[in-house]
Peer 1: 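Before anything else, here's the structure in question.
Chain naming here is simple, since letters A, B, ... match the order of the sequence lines and numbering starts at 1 in each.
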Amino acid sequence: MASYKTNEFKGGLKIMLDGDPYTIVENEFVKPGKGQAFNRVKVRNLKTGRVVEKTFKSGDSVEAADVHETDLQYLYNDGEMWHFMDTETFEQIGADAAAVGDAAKWLKEQDLCKVTLYNGAPLSVDPPNFVVLTITETDPGLRGDTATGGTKPATLETGAVVNVPLFLEAGEMIRVDTRSGEYLSRAKEA
Amino acid sequence: MTRDDPWRPCADHTALRARARLLAELRAFFAARGVLEVETPVLSAAANPDPAIEPLHLQADLTGTGARRWFLQTSPELPMKRLLAAGSGPIYQVCKVFRADECGRRHHPEFSLLEWYRPGFPLEDLMDEVAALVRRLLSRPALPIERLRYRDLFLDTLGIDPWTATPAQLRSVAATRGIAGAGELALDTDGWLDLLLSHCLEPHLGRGRLTFVQDYPPSQAALARVLPGPRPVARRFEVYLAGMELANGFDELLDAAEQRRRFRGNQVRRAAHDQCPVSPDERFLAALEAGLPPCAGVALGLDRLLMCALGAERIDAVLTFSADRA
């Protein structure tokens, strides 16, 4: 089994602790000049997102977590699982609601997503930073009102609700930043 | 910031100038006190076998007698003591030292050390001299000075006696003090004491003052003399400023037989932990046998002192080129 020694610790390293995969957020080397050295780390549980602290004796080894990120194309949702495909190997893989989480409301067929795999199975899904989605429902637009800066809620084809300018109509496509959930601009096509 | 280009120095111009001024000031300080500046080899055939310090080494033929292992100095202590035994009188050195695997916010595998020795000085006088030097180098003539005993520090802050506490008691203090993962650490008594010192005590030491911690458990004597008695103490001190260890001083061990015994203990420990073997420095031991004058000595980390002078959070900020740009 692969393992890391404490002198390999750095931000982003994926390790196993108490049976769960973690990523190192911060690593601090602590050592009295004439004494035992320690690595004090902040780690994030990749399943729960919780950040905890942990102290290791320097020189100790920790099991490596089989975690890596890959770009996969979102195909469809069958009501229970979200299915993704590797566009090079055409291999398909299903992610459950726990892995997809909040990303679900941004997922549109054929978009490329960053999928984190743990022991080959999806652990988390990050939607693209920017997506183009069609408005399915919103209050009627106020024509010509491009100046007042007011907004109204609009429901998108994926179910997400974002605030959009008053002049937009159902059926129009818009560009959204998925990290902030904010409307960016009108879009002509995806 | 263009300083992110890897060809550029890590330190800004202020830090470079502060380093130059620090070196000039400390040389003036020691010149005025009649302490001689010396140099000793960076590469040595022998090294200090202290298991807490891992030396770097290389293979080379430096003497025309074939390739062999040479150690980069982890401190200039052993050759400087050979100079003292040869009658040098008070000496100091500013040099680069190297320690494998020490890398972090306050550690860098290559760093600058100021080390000096005072024949005839009791440990207290050397502590006074350290205080005078630090006050001068930081231009803080009124910096308050505090002296604590290692035992009192643990008793007053953690309620345990480091001379009698068992590893199990120390582990439970570490756990109640919130050191995450303490329950799973496998440490001996000194390891637990180091954990508590570095995690719970050190961050509060030297706040707005220069704190000296003195009189260590005999198991942590390193190269210091141990005062016998019902509760033997190692005549050693550490200096802290702004929650950071700056210097380590000894009332130097003079007894060659005792030194040989400690080196042997170090070697056994190194072997048990699969550390690189370091054979005892016979030339240093011969110098002790010839007679080291009673003396006190101290090593002070210059990069950390610069961090304090400049309020730097990371040692990289005061290094001209850190290892990843060297």
Side-chain angles (χ1 to χ4, degrees), chain A residues 1-67 118-119 123, chain B residues 48 50-54 74-75 99-109 113 174 178-188 190-199 201-203 213 216 219-224 234 236 238-240 245-248 250 273-275 299-301 304:
Chain A
M1 190 134 349
S3 65
Y4 298 114
K5 284 201 114 180
T6 52
N7 61 6
E8 298 175 89
F9 280 11
K10 58 172 192 245
L13 195 75
K14 309 290 192 294
I15 57 172
M16 292 299 294
L17 292 175
D18 308 320
D20 273 353
Y22 283 80
T23 184
I24 294 181
V25 179
E26 223 177 270
N27 170 43
E28 173 141 34
F29 179 76
V30 182
K31 181 182 185 302
K34 298 279 173 195
Q36 175 68 50
F38 300 96
N39 286 70
R40 192 161 55 200
V41 298
K42 275 197 182 119
V43 288
R44 189 172 62 242
N45 185 316
L46 289 170
K47 285 182 171 169
T48 65
R50 239 166 58 90
V51 173
V52 293
E53 280 197 14
K54 184 110 179 157
T55 298
F56 294 93
K57 189 165 88 168
S58 297
D60 279 357
S61 294
V62 186
E63 192 188 328
D66 176 17
V67 170
Y118 166 50
N119 292 335
L123 186 66
Chain B
N48 185 343
D50 185 340
I53 296 174
E54 204 51 38
T74 58
S75 92
R99 297 181 184 182
D101 301 330
E102 295 195 11
C103 201
R105 204 160 62 79
R106 293 169 172 178
H107 292 83
H108 191 262
L113 204 61
I179 301 178
E184 297 139 60
L185 288 170
L187 299 168
D188 59 14
D190 286 320
W192 284 113
L193 292 172
D194 286 337
L195 179 77
L196 291 168
L197 181 72
S198 57
H199 284 64
L201 304 173
E202 181 177 295
V213 179
Y216 279 65
S219 53
Q220 297 183 26
L223 302 186
R236 179 186 150 195
E238 293 264 356
V239 186
Y240 293 90
E245 180 190 333
L246 273 191
N248 173 71
F250 297 144
H273 292 84
D274 285 329
Q275 290 173 284
L300 185 150
R304 288 193 182 170

Peer 1: Between B:His273 and chain A, with a heavy-atom cut-off of 4.5 Å, which part of the residue counts as in contact: side chain, backbone, both or neither?
Peer 2: neither

Peer 1: For a quick test of reading the model, state the closest non-hydrogen atom pair linking B:Leu187 to A:Lys57 and the distance between them.
Peer 2: CD2-CD, 3.2 Å

Peer 1: Is it the backbone or the side chain of B:Arg106 that comes under 4.5 Å from a heavy atom of chain A, or both, or neither?
Peer 2: neither

Peer 1: Mind checking salt bridge (charged side-chain N to carboxylate O under 4.0 Å, His left out) for B:Glu238 and listing every partner two or more places apart, or none if nothing turns up?
Peer 2: B:Arg236

Peer 1: Quick one: which of B:Arg99, B:Glu102, B:Glu54 has the most heavy-atom pairs under 4.5 Å with chain A, could you say?
Peer 2: B:Glu102

Peer 1: Considering residues at least two apart in sequence or located in another chain, which fulfil the ring pair (Phe, Tyr, Trp, His ring centres under 6.0 Å) criterion with B:Tyr240?
Peer 2: none

Peer 1: Identify the heavy atoms of B:Asp101 and A:Asn7 that sit nearest to each other, and give their distance.
Peer 2: OD1-ND2, 3.3 Å

Peer 1: What part of B:Gln220 gets closer than 4.5 Å to chain A, counting heavy atoms only: side chain, backbone, both or neither?
Peer 2: neither

Peer 1: Hey, which residues of residues 14-35 of chain A are touching chain B, say heavy atoms under 4.5 Å apart?
Peer 2: A:Asp18, A:Glu28, A:Phe29, A:Val30, A:Lys31, A:Pro32, A:Gly33, A:Lys34, A:Gly35

Peer 1: Going by side-chain hydrogen bond (donor to acceptor under 3.5 Å, both in side chains), name the residues that satisfy it together with B:Glu184, two or more places apart in sequence or in a different chain.
Peer 2: A:Lys54

Peer 1: Where on B:Leu195 is there a heavy atom nearer than 4.5 Å to chain A: the side chain, the backbone, both, or neither?
Peer 2: both

Peer 1: Taking CZ in A:Arg44 as the centre, count heavy atoms belonging to other residues, nucleotides or ligands within less than 6.0 Å. Is the count above 12?
Peer 2: no

Peer 1: Any non-hydrogen side-chain atom of B:Ile179 less than 4.5 Å from a side-chain atom of A:Phe38?
Peer 2: no

Peer 1: Does A:Lys47 NZ have over 12 foreign heavy atoms under 6.0 Å away?
Peer 2: yes

Peer 1: For the OG atom of B:Ser198 and the CZ atom of A:Arg40, what is their distance to the nearest 0.5 Å?
Peer 2: 7.0 Å

Peer 1: Could you tell me which portion of B:Asp50 (side chain, backbone, both or neither) has an atom closer than 4.5 angstrom to a non-hydrogen atom of chain A?
Peer 2: side chain

